[in-house]
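Keep in mind that the numbers below use all heavy atoms, side chains included, and drop hydrogens, waters and symmetry copies. Letters A, B, ... mirror the listed sequences (proteins, then strands); counts begin at 1.
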Protein chains: 2
Amino acid sequence: MLNYIILGMIFDCTASGYDIKKYIEKGIGIFYKASYGSIYPTLKKLTEDGLVTVTKEEQGARQKKLYTITAEGQQIFLKWLSEPISPEEGNGNNSHLARVYFYDKLPYETVKQQLLDYELNNTTYLRKLLLLKDNFQSPDIQGKYYYKISTLYYGIAILQETIRWCQFIRGREPFENFLNKGGLNNE
Amino acid sequence: MLNYIILGMIFDCTASGYDIKKYIEKGIGIFYKASYGSIYPTLKKLTEDGLVTVTKEEQGARQKKLYTITAEGQQIFLKWLSEPISPEEGNGNNSHLARVYFYDKLPYETVKQQLLDYELNNTTYLRKLLLLKDNFQSPDIQGKYYYKISTLYYGIAILQETIRWCQFIRGREPFENFLNKGGLNNE
DNA sequence: ACAAACATGTAATAAGTTACATGATTGG
DNA sequence: CCAATCATGTAACTTATTACATGTTTGT
């Protein structure tokens, strides 16, 4: 995963390992973290595989290694990006978001198709959970297993929001209409 | 994590490694998966640490190892369960749910406190994201970085649902009032 | 002067997955 | 009889984290 994220982050601008860490924090820090202990070794491997090249830049005594994506690197990245979002992706770990983050680099038709597939997978899964929940309707079961059941309802709520989000961004609707009113909102 | 989940799963009933796998699938399979390649070694370590004991049961030529939690195991489990849900927990990976799943074993006051803390952390985070989103309001930025921005809105939506869920289950309200109407719902 | 940020990296460890390897029992 | 399920485990590998180790430059 990190290898693709690095390729995406330097897709149209050269950067150092240190820079990449900051790009990740600023860009997808909400749902993905990477430490130097993983970034530097990954950069090394990407170099060995010929997906990036490195140029040393010296500013006085301070050294800096700038990484540039190669044509093969771009190809590999775009291939990964075009692949469908697998059902496990986004299921718990939000790694589907890392993919979507880079969707501005993909043709609109591809994006639409992947988002539709992802939405359908989520809908299928939601249907299953909605049926499951019906097994836990009696008051005595809800009393004894309240919190166990609550995790099921959490899953349902998150799936519903995910589906709503998919439908919304598939249509590239303006975000001002996205947020639910109610709760805390700063307008 | 898996060590605690196993302790929780056999907290009040003895089970085999095979059983545990099924309990996990049935119970928290929505947001957590475990393979035999992690379950059996973990069971071995728990035995070495004295948190579980094992008894061999032979049914004909078929052997089965039944694991029972020890007093120390129960103590360690309840200690873990009582700890606050850390902010990273639930942030991307939904491991907070594994904790909540076992909350029926905890005094109501403890549960209420942990859920309140967790809700507050989420609220703080939500406030930060709501401010962040204001930096991306101009139409040309939304055109160029639509999908990047979409991940921010996803985060906001999920946080809002998480907070709503926290408030709801903190009050132990009946689930019939939880689900949002609209979208696909089977009633 | 000193803290924060810039900058790169390694070693030990953690926590798991996947594929392999083996065999018994049950239900149709 | 044969597929599915029951039942346990190991070996190689993946992917990351944490702590360590080192040194520079900028801003106050």
Peer 1: In whole Å, what is the span from the CD1 atom of B/I24 to the P atom of C/dG16?
Peer 2: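 After rounding, the gap between these two atoms is 10 Å.
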
Peer 1: Determine: side-chain N/O of A/Y18 to OP1/OP2 of C/dC6, distance under 4.0 Å, yes or no.
Peer 2: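 Answer is yes, contact under 4.0 Å.
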
Peer 1: At what distance, to the nearest 0.5 angstrom, does NZ of B/K21 lie from CE of B/M9?
Peer 2: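 Going from the NZ atom of B/K21 to the CE atom of B/M9 covers 12.5 Å.
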
Peer 1: Please report, rounded to the nearest Å, how far the P atom of C/dC6 is from the CG atom of A/L66.
Peer 2: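 Roughly 15 Å, once rounded to whole Å.
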
Peer 1: Less than 4.0 angstrom between a side-chain N/O of A/S38 and OP1 or OP2 of D/dT15, yes or no?
Peer 2: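 For A/S38, the contact criterion (side-chain N or O under 4.0 Å from OP1 or OP2 of D/dT15) is not met.
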
Peer 1: What's the CG-P distance between B/D19 and D/dT5, to the nearest Å?
Peer 2: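 It works out to 16 Å between those atoms.
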
Peer 1: In whole Å, I'd like the distance from the CG atom of B/L46 to the P atom of D/dG9.
Peer 2: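 Rounding to the nearest Å, CG of B/L46 and P of D/dG9 are 13 Å apart.
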
Peer 1: Consider the side chain of B/K44, meaning its heavy atoms from C-beta on, and name the nucleotide among D/dT8, C/dA7, D/dT10 that approaches it most closely.
Peer 2: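 So the nucleotide nearest the side chain must be D/dT10.
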
Peer 1: Rounded to the Å, how far apart are A/I39 CD1 and D/dT15 P?
Peer 2: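 Atom-to-atom, A/I39 to D/dT15, this comes out as 16 Å.
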
Peer 1: Scan A/Y67 against the nucleic acid and name what it touches under 4.0 Å (heavy atoms): base, sugar-phosphate only, or nothing.
Peer 2: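 Sugar-phosphate contact only.
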
Peer 1: Rounding to an integer number of Å, can you tell me how far B/L43 CG sits from C/dG16 P?
Peer 2: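 Taking CG of B/L43 and P of C/dG16, I get 13 Å after rounding.
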
Peer 1: For A/T42, which contact category applies under a 4.0 Å heavy-atom criterion: base, sugar-phosphate, or nothing?
Peer 2: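 Answer is nothing: A/T42 stays at 4.0 Å or more from every strand.
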
Peer 1: Nearest of C/dG16, D/dA16, D/dT10 to any side-chain atom of B/L2?
Peer 2: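 Comparing C/dG16, D/dA16, D/dT10 against the side chain of B/L2, the answer is C/dG16.
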
Peer 1: So what does B/Y32 touch, heavy atoms closer than 4.0 Å: a base, only the sugar-phosphate, or nothing?
Peer 2: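 Sugar-phosphate, backbone atoms only, no base.
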
Peer 1: Within the structure, does a side-chain N or O atom of B/R62 lie under 4.0 Å from either OP1 or OP2 of D/dA7?
Peer 2: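 Checking D/dA7 against B/R62, a side-chain N or O does come within under 4.0 Å of OP1 or OP2.
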
Peer 1: Tell me whether the OP1 or OP2 atom of C/dC6 has a side-chain N or O from A/K21 closer than 4.0 Å.
Peer 2: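 So the side chain of A/K21 is outside the cut-off, no N or O lying under 4.0 Å from OP1 or OP2 of C/dC6.
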
Peer 1: Identify the residue among B/Q114, B/Q113, B/E119 that makes a side chain to side chain donor-acceptor pair (under 3.5 Å) with B/R170.
Peer 2: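 The option that passes is B/E119.
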
Peer 1: For A/Q63 and for A/G37, locate the closest nucleotide of DNA chain C by heavy-atom distance; then report the residue assigned to the nucleotide nearer the 5' terminus.
Peer 2: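 Result of the comparison: A/Q63.
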
Peer 1: Per the ring pair (Phe, Tyr, Trp, His ring centres under 6.0 Å) rule, which among A/Y118, A/F102, A/Y103 passes with A/H96?
Peer 2: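 Running ring pair (Phe, Tyr, Trp, His ring centres under 6.0 Å) over A/Y118, A/F102, A/Y103 with A/H96 returns exactly one hit, A/Y118.
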
Peer 1: Whole Å only: how far is the CD atom of B/E25 from the C1' atom of D/dA7?
Peer 2: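 Whole-Å distance recorded here is 14 Å.
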
Peer 1: Please state whether the phosphate of C/dT17, meaning OP1 or OP2, lies under 4.0 angstrom from any side-chain nitrogen or oxygen of B/S35.
Peer 2: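 True: B/S35 side-chain N/O within range (under 4.0 Å) of C/dT17 OP1/OP2.
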
Peer 1: Looking at B/F175, is A/K133 sitting on its ring face, NZ or CZ under 6.0 Å from the six-membered ring centre and within 45 degrees of the normal?
Peer 2: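 No, A/K133 does not sit over the ring of B/F175.
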
Peer 1: Round to the nearest Å and state the distance from B/I6 atom CD1 to D/dT8 atom C1'.
Peer 2: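 It is 14 Å, rounded to the nearest whole Å.
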
Peer 1: Taking the six-membered ring of B/Y147 (Phe, Tyr or Trp), confirm whether the NZ or CZ of A/R99 is under 6.0 Å from its centre and within 45° of its axis.
Peer 2: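 No, A/R99 does not lie over the aromatic ring of B/Y147.
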
Peer 1: Can you find a side chain N or O atom of B/K64 that sits less than 4.0 Å from OP1 or OP2 on C/dA24?
Peer 2: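 B/K64 to C/dA24 OP1/OP2: no side-chain N or O under 4.0 Å.
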
Peer 1: Side-chain N or O of A/Y40 less than 4.0 angstrom from OP1 or OP2 on C/dT8?
Peer 2: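 Yes, because at least one side-chain N or O of A/Y40 sits under 4.0 Å from OP1 or OP2 of C/dT8.
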
Peer 1: Can you list the steps and then say if B/T68 with B/T14 is a side chain to side chain donor-acceptor pair (under 3.5 Å)?
Peer 2: CA-CA 5 Å; B/T68 308; B/T14 264; 2.6 Å; yes

Peer 1: Looking at C/dT25, C/dC6, D/dG9, which one has an atom nearest to any side-chain atom of A/K22?
Peer 2: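 Closest nucleotide to the A/K22 side chain: C/dC6.
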
